[in-house]
Amino acid sequence: MSRYSAAEIEAKWQKAWDEAGLFRAIRKNDKPKYYVLEMFPYPSGRIHMGHVRNYTMGDVIARYKISTGHNVLHPMGWDAFGMPAENAAMASGGHPKDWTYGNIDDMRAQMKPLGLSIDWSREFATCDPEYYGQQQALFLDMLEQGLVYRKNAVVNWDPVEMTVLANEQVENGRGWRSGALVERRELTQWFFRISDFAEELLDALDELDDWPAKVKLMQANWIGRSRGLQFAFSLVEGLEGHDRIEVYTTRPDTLMGASFIGISPDHPLARQMEKDNAELAAFNAECRRMGTSEEELEKAEKKGFDTGLRVRHPFDTSWELPVYVANFILMDYGTGAIFGCPAHDQRDLDFARKYDLPVMSTYAPANPGDDFTLPEDGGDAYVPPKPEKVRYIKGFAGDELQTGEQGIDSAIAFCEENGVGQGVTKFRLRDWGLSRQRYWGCPIPVVHCESCGVVPEKKENLPIQLPYDEGGQPIDFSIPGNPLDRHPTWRDCACPACGAPARRETDTMDTFVDSSWYFARFTAPRAQTPTDLEEAGYWMNVDQYIGGIEHAILHLLYSRFFARAMHLTGHLPQKAIEPFNALFTQGMVTHEIYQTRDPKDRPVYHLPEDVADGKLKATGEAVEIIPSAKMSKSKKNVVDPVSIIGAYGADTARWFVLSDSPPERDVEWTAAGAEAAFKHLARVHRLVTGIAVSDEPANDHDTALLREMHKTIHDVTGGVESFGFNAAIAKLYAFTNTLAKSQAGAQARQQAACALAQLMSPMTPHLAEELWAALGQQGLVGQAPWPVADDSMLVDDTVTLPIQINGKRRAEISVPRDMDKSEVEKQALAADAVIKALDGAQPRKVIVVPGRIVNVVI
RNA sequence: GCCCAAGUGGCGGAAUGGUAGACGCAGGGGAUUCAAAAUCCCCCGGUAGCAAUACCGUGUGGGUUCGAAUCCCACCUUGGGCACCA
């Protein structure tokens with residue numbers, strides 16, 4: 001028996017795995033392949049507990065799959081482009097490239113001690129020219145296939161930073177960093193045609209059986225399919241080039257309640273009219289100036305401008321409706337024009353009341369209650385709850401009772417039959433704008449030529465590399481704007497088509513592009529093409545993908561789109577168009593927050609390591625404890641994995657992040673919990689190394705111990721396969737207790753200890769190897785086949801059956817497992833409590849569930 | 001506003017129609033020790049009772065069932081996603 005020294009054990013076994021090449025993934029056909037992937041990290045420079053949790057889960061799966069005879073691919077890389085590197089360069093000089101690669105080295109050094117089963121030979125960073133050069137090749141192929149295009153788009157422009165801001169970077173209409181008033185600018189940008197795939201991306205969700213329902217639902221909502229009617233109102237008096245206004249509606253059954261037409265300020269008709277209507281031009285300009293932030297939209301008043309135009313109602317040509325330009329109508333959804341039905345839409349009702357337009361209900365509740373008032377009589381707009389039946393007042397098919405949905409379907413049918421428009425399906429999903437006016441990203445490989453226009457770069461000129469310096473001088477990132485734009489020479493090039501002097505595109509790609517295909521690149525990370533079809537064909541798909549729920553929509557949707565695009569451009573096989581067979585979204589690691597107040601009563605936060613027993617270690621001042629939240633630097637509620645590994649070892653950190661909560665939920669890191677995890681591992685070490693040298697002879701306790709062993713094998717295996725890591729660990733605790741108390745002979749205890757070591761090996765691989773060796777086993781536990789439970793050992797010969805009387809447990813009997821039902825019933829009725837309860841009467845019914853329970857109904 | 005999920009001891013949670021609270025943390029008691037650390041043992045949902053035991057108990061109210069934390073309906077609370085989307 002020896003003391004548990006994690007540092008020693010972990011270094012020793014990591015070296016042994018390395019030397020055995022245990023995690024090198026090599027294509028071979030004698031085993032089924034298994035590709036497990038955790039979402040790759042951004043190289044911030046420090047690993048955090050969230051990484052530890054994420055990679056530990058992946059590691060458990062990878063190691064378990066190795067043990068069950070799979071050929072496992074478990075790679076790691078770096079999502080290395082992005083703003084933080086430029087921000088760091090801006091804040092403290094230096095170069096984004098140096099900063100990023102330095103961070104990668106630091107983080108790799110922090111990750112390696114975790115003992116993850118990663119094939120490090122496949123490592124890459126998305127900022128490696130070898131990677132982004134292939135991404136540029138991919139872009140060119142997509143361009144050729146028509147999957148990428150250029151168009152004008154309105155963006156948030158920060159005039160101080162001279163860059164485009166994402167919506168999330170605009171706060172109260174001002175740039176989040178500069179504080180400058182954000183302008184809406186129209187720029188020519190590159191877009192991926194993801195919206196062409198809307199229907200397919202939506203329908204294919206149904207096939208993703210091993211994805212969380214929640215993620216599929218979020219994607220479905222994001223894609224946003226709606227069924228409606230598209231039709232036109234004809235203008236009473238046409239305008240040059242315009243004689244009708246196309247509208248789209250999901251509520252065609254309200255058409256007979258229409259009272260106005262609304263068009264977007266960006267609608268072609270509005271644009272044309274503002275040319276010779278200064279008032280309208282001013283109104284439109286005002287609308288365009290309005291920000292797009294949620295807060296602004298919330299507050300903004302619904303405003304309209306009467307254009308003076310009139311249209312005819314399609315079902316009654318004598319019925320004329322006014323045309324308003326309205327500030328709440330979006331040009332890029334539907335047709336950019338609506339008809340307003342105030343009776344059944346609160347916003348339209350508010351608008352109608354403001355501009356004194358008629359209100360006409362087309363339907364009302366089938367059974368209006370006392371408190372129901374028609375909107376035309378001053379009530380609210382009536383929108384029926386989904387399944388509710390309504391009575392049509394001005395519908396197309398008389399005053400029928402129908403649910404809203406039936407009403408819509410029959411309205412579409414009626415309109416189609418009468419030549420008024422057609423039923424159409426629309427999607428909320430927009431094309432994906434990928435242009436970013438930033439330096440630290442993948443350059444878009446196109447050239448602008450005065451005579452040829454936009455020309456794709458030649459593939460042999462790839463990669464188009466980012467310049468490291470400018471004119472021999474280091475790039476100054478403190479100057480606002482994109483360094484590529486002001487670089488003295490980088491932009492200059494020859495037109496790939498005509499050879500004349502031309503300029504490079506200076507925009508770089510959205511970093512989401514980088515992460516949309518890295519999983520495919522891992523299958524052949526050094527290939528001279530984006531992928532190697534043979535390798536991709538073997539390793540794809542990712543069998544298990546693990547990451548945070550925050551990527552439920554964008555990253556996962558973009559990746560699904562990219563896999564399709566890569567198939568269409570010949571870079572992935574058909575079977576890989578849904579790249580992730582199974583997805584698991586893990587919860588965060590949280591911690592309590594410790595706070596004191598400064599003299600001005602402002603909160604001051606303290607690191608957990610500076611607090612003990614609710615007091616600051618340094619001064620003894622009491623801290624206020626704020627409930628657990630996601631670990632964040634600003635709240636200082638962070639625990640550094642490196643210091644935990646230093647204090648307790650990687651196995652303890654791994655054991656703890658798996659043990660306390662179900663993996664999809666948040667887990668609270670506590671010092672006591674970590675301490676307890678360590679103590680448990682030390683106890684297992686003590687127990688097993690003690691067993692290794694014991695010599696008690698076989699005895700009557702052997703079978704009971706071995707039964708428990710087989711039950712534990714069964715339960716832990718099930719737990720690992722179903723992501724029930726916390727429950728699996730609970731079983732291992734229980735089995736450890738059983739083993740510690742067992743008086744079985746040395747051989748049985750040895751066998752049980754071997755099983756314990758194997759079952760723990762995915763979670764605490766170093767300790768497991770140490771135990772395996774101490775028990776005299778040959779080879780590595782990581783290479784030993786996973787133990788298989790003997791079904792005949794899972795059930796005891798004698799079972800204790802609870803006896804219920806009217807569903808309440810009143811007694812129990814001990815009977816042979818396979819005892820006849822009628823005999824069980826006889827014994828149950830003979831139980832004292834049952835005899836007493838029956839008091840001589842006959843039971844009304846006796847339910848016997850063999851091996852589980854008996855219920856006597858009186 | 002629309003859509004979705006979750007509510008179980010002091011805490012994290014287990015049980016997915018069959019003995020509610022496994023396992024862990026915190027807490028209490030004890031053994032060992034000169035003492036401490038470490039370790040080991042016992043108790044630990046509530047109410048009543050010396051106890052055996054009884055009754056209550058999985059957010060609230062109803063329902064289905066021999067039997068419900070689990071299935072159904074309504075409500076409450078919390079969390080998440082989307083949102084001038086026509």
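Throughout, protein chains are lettered first and strands after them, A, B, ... in sequence-line order, and every chain is numbered starting at 1.
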Undergrad: On a plain distance test, is the side chain of A:Lys302 in donor-acceptor contact with the base of B:C84 below 3.5 Å?
TA: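 Yes.
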Undergrad: In whole Å, what separates the C1' atom of B:C3 from that of B:G12?
TA: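 Comparing C1' positions in B:C3 and B:G12 gives a spacing of 30 Å.
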Undergrad: The criterion is ring pair (Phe, Tyr, Trp, His ring centres under 6.0 Å); which residues satisfy it with A:Tyr324, sequence neighbours excluded?
TA: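 A:Phe351, A:Tyr355.
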Undergrad: Just to verify, what does A:His680 make a side chain to side chain contact (heavy atoms under 4.5 Å, CB included) with, not counting sequence neighbours?
TA: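 Expected list: A:Trp655, A:Arg683, A:Val684, A:Tyr733, A:Thr736.
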Undergrad: Mind checking A:Asp345 for me? I need base, sugar-phosphate or nothing, with any heavy atom below 4.0 Å counting as a touch.
TA: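 Counting heavy atoms under 4.0 Å across all strands, no contact is made by A:Asp345.
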Undergrad: Under 4.0 angstrom, heavy atoms only, what part of the nucleic acid is A:Val857 near: base, sugar-phosphate, or nothing?
TA: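 Sugar-phosphate contact only - A:Val857 comes under 4.0 Å of backbone atoms but never of a base.
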Undergrad: Can you tell me how the ring of A:Tyr4 sits relative to the ring of A:His685, calling it parallel under 30°, perpendicular over 60° and tilted otherwise?
TA: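 Because their plane-to-plane angle lies in the 30° to 60° range, the rings of A:Tyr4 and A:His685 count as tilted.
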Undergrad: Given the P atoms of B:U16 and B:G7, what is the spacing between them in whole Å?
TA: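 The answer is 14 Å between these two P atoms.
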Undergrad: For A:Glu592, enumerate each residue passing the salt bridge (Lys or Arg N to Asp or Glu O under 4.0 Å) test, keeping only those at least two apart in sequence or located in another chain.
TA: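 Testing A:Glu592 for salt bridge (Lys or Arg N to Asp or Glu O under 4.0 Å), a comparison that skips the adjacent residues, returns none.
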Undergrad: Return the value, rounded to whole Å, for the distance between atom CH2 of A:Trp222 and atom P of B:G80.
TA: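 That distance rounds to 17 Å.
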Undergrad: Strictly below 4.0 Å: does A:Tyr733 bring a side-chain N or O up to OP1 or OP2 of B:G24?
TA: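 No, because none of the side-chain N or O atoms of A:Tyr733 sits under 4.0 Å from OP1 or OP2 of B:G24.
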Undergrad: Just need the stems in RNA chain B: three or more back-to-back Watson-Crick or G-U pairs, each with both distances under 3.5 angstrom, sorted by first number.
TA: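 Consecutive-pair runs (3 or more) involving RNA chain B: B:1-7 with B:76-82, B:10-12 with B:23-25, B:27-31 with B:39-43, B:45-48 with B:53-56, B:59-63 with B:71-75.
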Undergrad: Please give, in whole Å, the distance from B:A68 P to A:Arg809 CZ?
TA: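 Computing the A:Arg809:CZ to B:A68:P distance gives 16 Å.
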Undergrad: Check if the side chain of A:Arg225 and the base of B:C85 share a donor-acceptor pair of N or O atoms closer than 3.5 Å.
TA: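 Side chain to base: no pair below 3.5 Å.
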Undergrad: Between A:Phe191 and A:Trp432, is the ring centroid distance below 6.0 Å?
TA: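 Not under 6.0 Å, so no.
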Undergrad: Give me each pair satisfying salt bridge (Lys or Arg N to Asp or Glu O under 4.0 Å) with a member in residues 844-858 of chain A, each pair once, sequence neighbours excluded.
TA: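 Output for this query is empty, none listed.
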Undergrad: Looking at A:Lys845, I'd like to know whether one of its side-chain N or O atoms comes within less than 4.0 Å of OP1 or OP2 on B:C66.
TA: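 For B:C66, OP1 or OP2 has a side-chain N or O of A:Lys845 closer than 4.0 Å.
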Undergrad: Report each atom pair, protein N/O against N/O of nucleotides 40-44 of chain B, whose distance is under 3.5 angstrom.
TA:
{"residue": "B:C40", "atom": "OP1", "partner": "A:Arg683", "partner atom": "NE", "Å": "3.3"}

Undergrad: Return each pair, listed once, that meets salt bridge (Lys or Arg N to Asp or Glu O under 4.0 Å) where at least one residue sits in residues 345-355 of chain A; pairs must be two or more places apart or across chains.
TA: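 Checked against salt bridge (Lys or Arg N to Asp or Glu O under 4.0 Å) - neighbours excluded - the pairs reaching residues 345-355 of chain A are A:Glu301-A:Lys354.
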Undergrad: Could you work out, with ring pair (Phe, Tyr, Trp, His ring centres under 6.0 Å) as the rule, every residue matching A:Phe283, not counting sequence neighbours?
TA: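 Expected list: A:Phe305.
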Undergrad: When the C1' atoms of B:G21 and B:C44 are considered, how many whole Å apart are they?
TA: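 My reading of the C1' atoms in B:G21 and B:C44 gives 12 Å.
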Undergrad: Please, which pairs that meet salt bridge (Lys or Arg N to Asp or Glu O under 4.0 Å) have at least one residue in residues 212-224 of chain A, sequence neighbours excluded?
TA: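 Found none.
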Undergrad: When you measure from the side-chain N and O atoms of A:Asn726 to the phosphate of B:A14, is any distance below 4.0 Å, counting only OP1 and OP2?
TA: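 For A:Asn726, the contact criterion (side-chain N or O under 4.0 Å from OP1 or OP2 of B:A14) is met.
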Undergrad: Quick one, give me the B/S/- string for nucleotides 51-59 of chain B, reading 5' to 3', where B means a protein heavy atom under 4.0 Å from the base and S means that only happens at the primed atoms, P, OP1 or OP2.
TA: ----S----
Undergrad: Going by distance alone, is a donor N or O of one side chain under 3.5 Å from an acceptor N or O of the other, for A:Ser628 and A:Glu668?
TA: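 Distance-only check passes for A:Ser628 and A:Glu668.
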Undergrad: For B:C43 versus B:G24, give the span between their P atoms, rounded off to a whole number of Å.
TA: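 13 Å, rounded to whole Å.
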Undergrad: Taking the P atom in each of B:G63 and B:U70, what is the distance between them to the nearest angstrom?
TA: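 The answer is 14 Å between these two P atoms.
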Undergrad: Taking side chain to side chain donor-acceptor pair (under 3.5 Å) as the test, write out the residues that go with A:Tyr648, two or more places apart.
TA: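 Scan of A:Tyr648 (side chain to side chain donor-acceptor pair (under 3.5 Å), adjacent residues dropped) gives A:Glu675.
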Undergrad: Could A:Lys426 and A:Tyr248 be counted as a cation-pi pair, given that NZ or CZ must be under 6.0 Å from the ring centre and within 45° of the axis?
TA: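 Yes, A:Lys426 and A:Tyr248 form such a contact.
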Undergrad: Between B:G61 and B:A26, how far apart are the P atoms? Round to whole Å, please.
TA: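 Approximately 35 Å lies between the P atom of B:A26 and that of B:G61.
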Undergrad: Taking only heavy atoms on the protein side, list every residue of residues 652-670 of chain A lying under 4.0 Å from any atom of RNA chain B, sorted numerically.
TA: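 A:Asp660, A:Ser661, A:Pro662, A:Arg665, in order of number.
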Undergrad: Under 4.0 Å from OP1 or OP2 of B:A83: is there any side-chain N or O of A:Arg428 that close?
TA: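 Yes.
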Undergrad: Kindly indicate whether the side chain of A:Asn221 and the base of B:C82 share any N or O donor-acceptor pair separated by less than 3.5 Å?
TA: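 No pair found.
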